[in-house]
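What follows is one structure encoded as structure tokens, with my remarks underneath.
In what follows, every heavy atom counts, from backbone to side chain, and hydrogens, waters and symmetry copies are set aside.
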Amino acid sequence: MSAMTEKELQRSKSVLPIGTVMRLTELTARQIRYYEEQGLVIPQRTDGNRRMYSLNDIDQLLEIKDYLNDGINMAGIKAIYAQKEKRAAERKSDSLTDSDVRRILHDEFLNISGFERHSATSLHSQRPLE
DNA sequence: GTTCTCACA
DNA sequence: TGTGAGTA
């Protein structure tokens, strides 16, 4: 990756033990570990095999929590991330695909409607249902 | 005291 | 997803 800002670097630093993450996210250790099993939010490990999370991981967990509260299951969440990766891949292959065009038009619609569109980097947020 | 993995009356 | 066991 290129020029990662100082803030991005710090938000990527894994310095939080699971206990702190539990209090910050209101999630149980069981849930946090389960989401890891599902391939979402994989924390770093210490020499003693302790999980260490970054601020970005916290955001990621909060986002998952939101999806769950909206009634989306694990499969659905995975699908959402798979779709996000797909978009990221399309973006790199510089040519505009049909789905790109559709997404751009959709984003424009949201902007006109007065909603803020969120980038793929600052994932978590709370916007009204579309 | 905290976290880890594994198992399940 | 909860919880207890036995560790590190």
Side-chain angles (χ1 to χ4, degrees):
Chain A
M1 288 169 218
S2 56
M4 192 181 233
T5 71
E6 186 69 7
K7 275 187 182 176
E8 291 175 313
L9 189 65
Q10 297 179 327
R11 290 182 62 73
S12 300
K13 291 186 177 179
S14 302
V15 297
L16 310 171
I18 196 168
T20 301
V21 178
M22 288 172 66
R23 297 165 195 132
L24 255 35
T25 63
E26 297 295 324
L27 290 170
T28 65
R30 181 80 166 85
Q31 291 175 301
I32 297 171
R33 295 181 185 124
Y34 177 66
Y35 303 153
E36 179 183 349
E37 274 181 39
Q38 300 307 301
L40 293 45
V41 193
I42 287 77
Q44 266 186 217
R45 296 283 187 139
T46 65
D47 294 343
N49 199 36
R50 254 66 175 161
R51 275 169 258 253
M52 293 301 274
Y53 300 82
S54 69
L55 294 177
N56 285 329
D57 291 332
I58 300 295
D59 280 348
Q60 183 73 27
L61 287 169
L62 290 175
E63 185 180 314
I64 293 172
K65 194 182 173 187
D66 282 348
Y67 284 139
L68 259 28
N69 284 328
D70 286 341
I72 302 175
N73 55 37
M74 280 301 115
I77 293 177
K78 287 183 183 179
I80 290 174
Y81 290 141
Q83 186 60 38
K84 248 161 197 168
E85 287 182 46
K86 188 180 177 184
R87 291 184 177 183
E90 292 173 350
R91 209 165 307 155
K92 288 180 181 177
S93 65
D94 70 42
S95 67
L96 261 53
T97 64
D98 288 345
S99 61
D100 278 329
V101 175
R102 278 210 318 161
R103 173 158 43 74
I104 290 172
L105 292 176
H106 184 246
D107 287 354
E108 281 307 307
F109 170 73
L110 291 179
N111 285 329
I112 293 173
S113 302
F115 290 98
E116 181 187 337
R117 188 58 184 174
H118 303 85
S119 69
T121 50
S122 67
L123 300 172
H124 176 256
S125 64
Q126 58 302 301
R127 66 166 181 281
L129 276 55
E130 298 171 13

query = Using a cut-off of less than 4.0 Å, is there contact between a side-chain N or O of A/R51 and OP1 or OP2 of B/dT3?
reply = no

task = Give the nucleotide from the list B/dT5, B/dT3, C/dT1 with an atom nearest to the side chain of A/Y35.
result = C/dT1

B/dT2 base / A/R50 side chain donor-acceptor hit below 3.5 Å = yes

Phosphate contact (C/dT1 OP1 or OP2) by A/T28 side-chain N/O below 4.0 Å = no

ask   = Quick one: A/D47 CG to B/dT2 P, roughly how many Å, whole number?
value = 21 Å

task = Could you say whether A/M74 or A/G48 is positioned toward the 5' end of DNA chain C, judged by the nucleotide with the nearest heavy atom to each?
result = A/M74

query = Between A/R33 (CZ) and C/dT1 (P), how many Å, whole number?
reply = 14 Å

query = Nearest 0.5 Å, what's the CG-CD distance between A/L61 and A/E36?
reply = 10.0 Å

inquiry  = Please report the distance, rounded to the nearest Å, between OH in A/Y53 and C1' in B/dC4.
reply    = 11 Å

query = CZ of A/R45 versus C1' of B/dC4: gap in Å, rounded?
reply = 8 Å

Pairwise distance NZ(A/K13) to CE(A/M52) - rounded to 0.5 angstrom = 12.5 Å

key: Modelled atom types, side-chain donor and acceptor of A/Q60 and A/Y53, under 3.5 Å   = no

key: Between C/dT1 (C1') and A/E26 (CD): distance, integer Å   = 17 Å

inquiry  = Just to be sure I understand the rule, does A/G19 reach a base, reach only the sugar-phosphate, or reach nothing, if contact means heavy atoms closer than 4.0 Å?
reply    = sugar-phosphate

request  = Specify the separation, in whole Å, of atom NZ of A/K65 and atom P of C/dT1.
outcome  = 12 Å

note = Assign each of A/R30 and A/T20 the nucleotide of DNA chain B bearing its closest heavy atom; nearer the 5' end lies the nucleotide of A/T20

ask   = Got a donor-acceptor contact below 3.5 angstrom from the A/N73 side chain to the A/A75 backbone?
value = yes

key: Between P of B/dG1 and CD1 of A/I18, the distance in whole Å   = 19 Å

ask   = Going by distance alone, is a donor N or O of one side chain under 3.5 Å from an acceptor N or O of the other, for A/E63 and A/Y67?
value = yes

request  = Using atom CD of A/E37 as one end and atom P of B/dA7 as the other, report the distance to the nearest whole Å.
outcome  = 12 Å

query = Checking A/K65 side chain against A/L27 main chain: does a donor-acceptor pair fall under 3.5 Å?
reply = no

request  = Kindly say whether A/S54 contributes a backbone atom to a donor-acceptor pair with the side chain of A/D57 at under 3.5 angstrom?
outcome  = yes

query = How does DNA chain C look in dot-bracket form if you count Watson-Crick and G-U pairs under 3.5 Å, write [ ] for pairs that cross, and put | where a base pairs with another strand?
reply = .|||||.|

